[in-house]
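Here the structure is a predicted model, which means the values were calculated and not measured.
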Amino acid sequence: MSILVDRWFAENTFSATEFENLEKLLALKQERGLTISVALPALNEEKTVGNVITCIQKNLMQDVPLLDELVLIDSDSEDRTREIAAGLGVPVYIHQQILPQYGARRGKGEALWKSLYVTSGDILLWVDTDIVNFHPRFVYGLIGPLLHSPRWKFVKGFYRRPLRGEDGQLHPGRGGRVTELTARPLINLFYPQLSGIIQPLAGEYGGRREVLERVQFTSGYGVEISLLIDVFEQFGLDAIAQVDLEERVHTNQPLDKLSKMSFAIIQTVIHKLEKRFGTELVKNINRTMKTMHYEPDYFYLEVDEIAERFRPLMIELPEYRQQRGLDETAGA
Ligand SMILES: O=c1ccn([C@@H]2O[C@H](COP(=O)(O)OP(=O)(O)O)[C@@H](O)[C@H]2O)c(=O)[nH]1
Ligand SMILES: O=C(O)[C@@H](COP(=O)(O)O)O[C@H]1O[C@H](CO)[C@@H](O)[C@H](O)[C@H]1O
């Protein structure tokens, strides 16, 4: 890693264990005169949302009143997610119903953006609701740097990420598939200063309201990479801290479902590059991107000349051959 990144890593990397004295953290919060909100994004998380909420309520609101506000920001779940949260006394919002005049899109990014509107804390943190092994450190670990110094304005969690395989077993180190195959390569290519961030897509993160109100939220899964790049570009690398939250086990989506997540992240990075560099390279990439339309399950090609470029490859696909009557055995 470059000297810049090495220095950043050494000065801006913490462990949640440094902040486990919650009484001390509460005293610091009162001394700083800051309020803290947590917003929980959720889409069909009935299996795990209840435990996340009760763990936060007991440890961080009842035993030690570190948090001033806890809300659920729901993406119009079709299961009992909202009912469970409401039953536990948590204010519930469906983000598509908040400020509809500014859009009512699908996606986690809109949930996080609109959570700014329905919360009031000086500090706002987000925690995924699909976490299976939730622990209060996922929250107090993030609060630590933000209370310790005004230097840190944005904090990302990091952790070991086992992946639950087809066999139902947890396989160490195989999680974070989009991080490893998409986000990290893009960061190393185009934003190497951020290469010391261990989990750039971590869903446990947040920062100071005055920062979060100045950065761009993309509506889908590109939100994490979008916020990271914007905070870096607008507030500098030293505004960012990262905290070791040890291990996170969450509901892993099947690989094919991560394709659209990866697409959203690539699209977001290209958009950022075009805004910043506007180079011919990016414009050409964008031109190509605009001629391809992404559907949840497959790419399809809208412009024939693009199809020509892919035809030699596609002709190998049996369904393509059949569809084009290229297979003399078709219908035999
Ligand atoms: O439209 C969406 C998609 C996801 N999520 C939440 O965002 C978090 C991360 O999403 P997901 O689990 O789909 O991503 P993964 O963890 O598999 O990367 C989870 O708490 C989801 O419930 C959300 O609130 N709205
Ligand atoms: O980091 C990743 O590769 C993805 C998928 O994780 P797994 O391969 O299921 O462990 O998970 C993250 O990415 C999403 C998009 O940024 C975030 O919204 C999630 O919170 C985060 O879990």
Side-chain angles (χ1 to χ4, degrees), residues 11-42 48-73 84-93 112 115-129 131 133-159 198-199 202-213 227 231 235 238-248:
E11 292 180 5
N12 298 280
T13 300
F14 299 87
S15 162
T17 54
E18 297 176 65
F19 310 115
E20 59 193 6
N21 182 332
L22 299 187
E23 294 297 342
K24 196 173 155 205
L25 218 46
L26 178 61
L28 198 50
K29 173 190 163 207
Q30 288 158 346
E31 184 191 318
R32 300 274 194 259
L34 293 172
T35 54
I36 304 173
S37 300
V38 169
L40 303 173
T48 43
V49 69
N51 177 57
V52 172
I53 289 173
T54 50
C55 191
I56 289 174
Q57 286 175 326
K58 176 174 181 341
N59 294 282
L60 303 173
M61 299 180 89
Q62 292 152 18
D63 293 356
V64 179
L66 196 55
L67 301 185
D68 300 276
E69 182 176 38
L70 175 66
V71 303
L72 183 97
I73 191 86
I84 292 165
L88 292 168
V90 173
V92 173
Y93 302 91
L112 302 189
S115 73
L116 274 172
Y117 183 75
V118 296
T119 57
S120 56
D122 302 309
I123 289 171
L124 174 58
L125 304 171
W126 297 296
V127 170
D128 282 358
T129 47
I131 296 174
N133 67 327
F134 187 81
H135 184 279
R137 69 173 176 268
F138 284 91
V139 176
Y140 67 69
L142 301 173
I143 292 171
L146 293 167
L147 291 182
H148 271 269
S149 165
R151 161 181 170 154
W152 293 295
K153 299 174 173 30
F154 188 77
V155 184
K156 291 289 291 189
F158 67 89
Y159 20 61
I198 297 170
Q199 289 294 343
E204 291 63 48
Y205 64 108
R208 300 182 197 288
R209 180 172 293 272
E210 70 262 21
V211 168
L212 300 178
E213 289 178 341
L227 294 178
V231 170
F235 298 91
D238 279 338
I240 301 170
Q242 63 181 354
V243 186
D244 184 356
L245 303 177
E246 298 175 21
E247 179 174 87
R248 185 184 80 158

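- With sequence neighbours excluded, the residues forming a ring-ring contact (aromatic ring centres under 6.0 Å, His included) with Phe19 are Phe14, His148, listed by chain and number.
- Judged purely by distance below 3.5 Å, without hydrogens or angles, the side chains of Glu204 and Tyr159 pair a donor atom with an acceptor atom.
- For Arg208, there are no salt bridge (charged side-chain N to carboxylate O under 4.0 Å, His left out) partners at least two apart in sequence or on another chain.
- Contact annotation: the side chain of Trp152 approaches that of Asn12 to within less than 4.5 Å [non-hydrogen atoms, C-beta and beyond].
- With sequence neighbours excluded, the residues satisfying ring-ring contact (aromatic ring centres under 6.0 Å, His included) with Phe134 are Phe138.
- Listed by chain and residue number, Gln242 satisfy the side chain to side chain donor-acceptor pair (under 3.5 Å) test with Thr13 (two or more places apart in sequence, or in another chain).
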Original post:
Is there a side-chain contact (heavy atoms from CB on, under 4.5 Å) between Leu60 and Val38 once you walk through the steps?
Top reply: CA-CA 11 Å; Leu60 303 173; Val38 169; over 6 Å; no
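- Counting heavy atoms from C-beta on, the side chains of Ile143 and Leu67 come closer than 4.5 Å.
- For Tyr140, there are no ring-ring contact (aromatic ring centres under 6.0 Å, His included) partners at least two apart in sequence or on another chain.
- No hydrogens or angles considered: nothing links the side chains of Arg209 and Ser120 as a donor-acceptor pair under 3.5 Å.
- Under the 4.5 Å side-chain criterion, counting only non-hydrogen atoms from C-beta, Gln199 is not in contact with Leu245.
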**OP:** Check step by step if side-chain contact (heavy atoms from CB on, under 4.5 Å) holds for Leu147 and Ile123.
**Re:** CA-CA 9 Å; Leu147 291 182; Ile123 289 171; 4.2 Å; yes
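- Identified under the salt bridge (Lys or Arg N to Asp or Glu O under 4.0 Å) test for residues 53-65, with sequence neighbours left out: Lys58-Asp63.
- Within the structure, side chain to side chain donor-acceptor pair (under 3.5 Å) pairs that include any residue of residues 27-40 comprise Lys29-Asp68, Thr35-Asp122, Ser37-Glu69 (at least two apart or interchain).
- Residues satisfying the side-chain contact (heavy atoms from CB on, under 4.5 Å) criterion with Pro91, sequence neighbours excluded, are Val71, Tyr93.
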Determine all donor-acceptor pairs shorter than 3.5 Å in which one atom belongs to a side chain in residues 50-57; sequence neighbours excluded.
residue : atom : partner : partner atom : Å
Thr54   : OG1  : Gly50   : O            : 3.0
Thr54   : OG1  : Asn51   : O            : 3.2
Gln57   : NE2  : Leu88   : O            : 2.7

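- Annotation: salt bridge (Lys or Arg N to Asp or Glu O under 4.0 Å) contacts involving residues 11-25, sequence neighbours excluded, comprise Arg7-Glu11, Glu11-Arg151.
- Within the 4.5 Å cutoff, the side chain of Thr48 has no heavy atoms near those of the Ile131 side chain.
- Here the side chains of Leu125 and Leu146 are in contact, with some heavy-atom distance below 4.5 Å.
- Phe154 places none of its side-chain heavy atoms less than 4.5 Å from the side chain of Phe235.
- Under a 3.5 Å cut-off, the side chain of Ser15 and the backbone N or O of Thr17 do form a donor-acceptor pair.
- Counting heavy atoms from C-beta on, the side chains of Lys153 and Val231 never come closer than 4.5 Å.
- In this structure, the side chains of Trp126 and Leu212 come closer than 4.5 Å at one or more pairs of heavy atoms.
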